[in-house]
Amino acid sequence: MSVNRINRINEEFRKELSDIIRNLKDPRIPLMTSVVTVNVTPDLRYAKIYISILGSEEEQKAAMAALKNSTGYVRREMGARLKMRYTPEPVFELDHSIEHGARISELLKSTQGD
């Protein structure tokens with residue numbers, strides 16, 4: 001399968017998934033939950049979804065549990081929105097890159113003040 005096609009599918013999947021997650025009614029999912037990136041396998045069977053959740057460790061665990069519980073709903077919604085032959089099975093992974101970047105930014109600011 002073409003690399004360009006996979007990249008387009010990844011981006012469309014990320015956009016639609018962000019909207020679906022924002023509209024989930026589960027109180028365990030905080031407002032500051034974002035989809036960082038999506039990697040769909042070339043056979044379109046699985047989509048590894050990297051999620052960033054700002055909050056405490058407990059909030060992150062609760063939000064990941066809520067997302068894993070909503071996998072069926074998310075897959076059904078994605079299938080309805082994207083009109084693909086196969087709708088990839090979502091696999092959620094917690095991503096700490098945004099928190100890591102914020103921490104580095106704070107460290108840089110503290111060194112500039114000296």
Side-chain angles (χ1 to χ4, degrees):
M1 187 173 292
S2 170
V3 174
N4 287 336
R5 180 167 184 244
I6 291 293
N7 289 338
R8 285 195 321 262
I9 291 171
N10 287 341
E11 187 60 26
E12 281 300 313
F13 209 86
R14 187 188 65 76
K15 286 179 189 175
E16 293 296 330
L17 194 59
S18 294
D19 187 48
I20 291 170
I21 289 174
R22 202 175 21 240
N23 293 326
L24 285 176
K25 303 232 185 293
D26 196 319
R28 297 176 290 176
I29 301 174
L31 291 175
M32 295 303 293
T33 301
S34 61
V35 179
V36 177
T37 188
V38 175
N39 291 328
V40 176
T41 58
D43 63 355
L44 301 177
R45 296 294 181 184
Y46 297 97
K48 188 171 264 192
I49 302 159
Y50 295 95
I51 302 287
S52 177
I53 303 167
L54 293 179
S56 68
E57 188 83 22
E58 297 83 29
E59 290 174 336
Q60 290 177 352
K61 286 181 182 179
M64 288 304 292
L67 288 172
K68 288 179 182 178
N69 286 342
S70 66
T71 299
Y73 172 77
V74 168
R75 185 175 187 184
R76 187 174 62 245
E77 278 294 308
M78 290 303 295
R81 290 181 183 206
L82 293 181
K83 308 273 193 281
M84 296 171 55
R85 179 178 293 177
Y86 299 112
T87 303
E89 178 71 29
V91 178
F92 293 102
E93 294 287 328
L94 187 60
D95 185 41
H96 296 285
S97 63
I98 293 177
E99 292 171 359
H100 186 68
R103 173 83 173 120
I104 290 174
S105 179
E106 286 180 22
L107 289 173
L108 289 173
K109 285 180 184 177
S110 69
T111 60
Q112 290 174 354
D114 291 343

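Here the straight-line distance linking atom OG1 of Thr33 with atom CG of Asp26 works out to 10.0 Å at 0.5 Å rounding. Taking CD1 of Ile20 as the start and OH of Tyr73 as the end, the distance is 6.5 Å to the nearest 0.5 Å. The distance from atom CD of Glu16 to atom CD of Glu77, rounded to the nearest 0.5 Å, is 9.5 Å. Between the CG atom of Asn39 and the OG1 atom of Thr37 there is a distance of 5.0 Å, given to the nearest 0.5 Å. Rounded to the nearest 0.5 angstrom, Leu24 CG and Asp19 CG are separated by 10.0 Å. For the atom pair CG (Asn10) and NZ (Lys48), the distance works out to 13.0 Å, reported to the nearest 0.5 Å.
In terms of heavy atoms, Leu44 sits closest to Tyr86 at O-CB, 3.9 Å. Across all their heavy atoms, Arg75 and Pro90 have their closest contact at CB-CD, 3.9 Å. Between Ile29 and Ile21, the shortest heavy-atom distance links the atoms CG2-CG2, 4.3 Å.
Linking Ile, Leu, Val, Met, Phe, Trp and Tyr residues whenever their side-chain heavy atoms come within less than 4.5 Å places Val40 and Leu82 in a single cluster. Tyr46 and Val36 are not part of a single hydrophobic cluster, where members link through side-chain heavy atoms under 4.5 Å apart. Both Leu94 and Leu67 are members of a single hydrophobic cluster when ILVMFWY side chains are connected at heavy-atom separations under 4.5 Å.
Counted within 6.0 Å of CE on Met84, heavy atoms from surrounding residues, nucleotides or ligands total more than 12; the atom is thus considered enclosed. Heavy-atom neighbours of Arg103 CZ from other residues, nucleotides or ligands within 6.0 Å: at or below the threshold of 12. The neighbour count for Leu31 CG, taken as heavy atoms of other residues, nucleotides or ligands under 6.0 Å away, does not exceed 12.
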- Task: Starting from the C-alpha separation in whole Å, work towards a yes-or-no answer on side chain to side chain donor-acceptor pair (under 3.5 Å) for Ser2 and Asn4.
- Result: CA-CA 5 Å; Ser2 170; Asn4 287 336; 4.6 Å; no
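For the pair Gln60/His96, a side-chain contact is recorded, criterion being any heavy-atom separation below 4.5 Å from C-beta on. Proximity of Ile53 to Glu59: side-chain heavy atoms (C-beta onward) are nowhere separated by under 4.5 Å. Counting heavy atoms from C-beta outward, Val35 and Phe13 have side chains that stay 4.5 Å or more apart.
Thr87 places no side-chain N or O within donor-acceptor distance of the main-chain N or O of Met78, the cut-off being under 3.5 Å. Listed for the Asp95 side chain is no donor-acceptor partner under 3.5 Å among the backbone atoms of Ser52.
A salt bridge links Glu11 and Arg14; the closest N-O separation between the charged side-chain nitrogens and carboxylate oxygens is under 4.0 Å.
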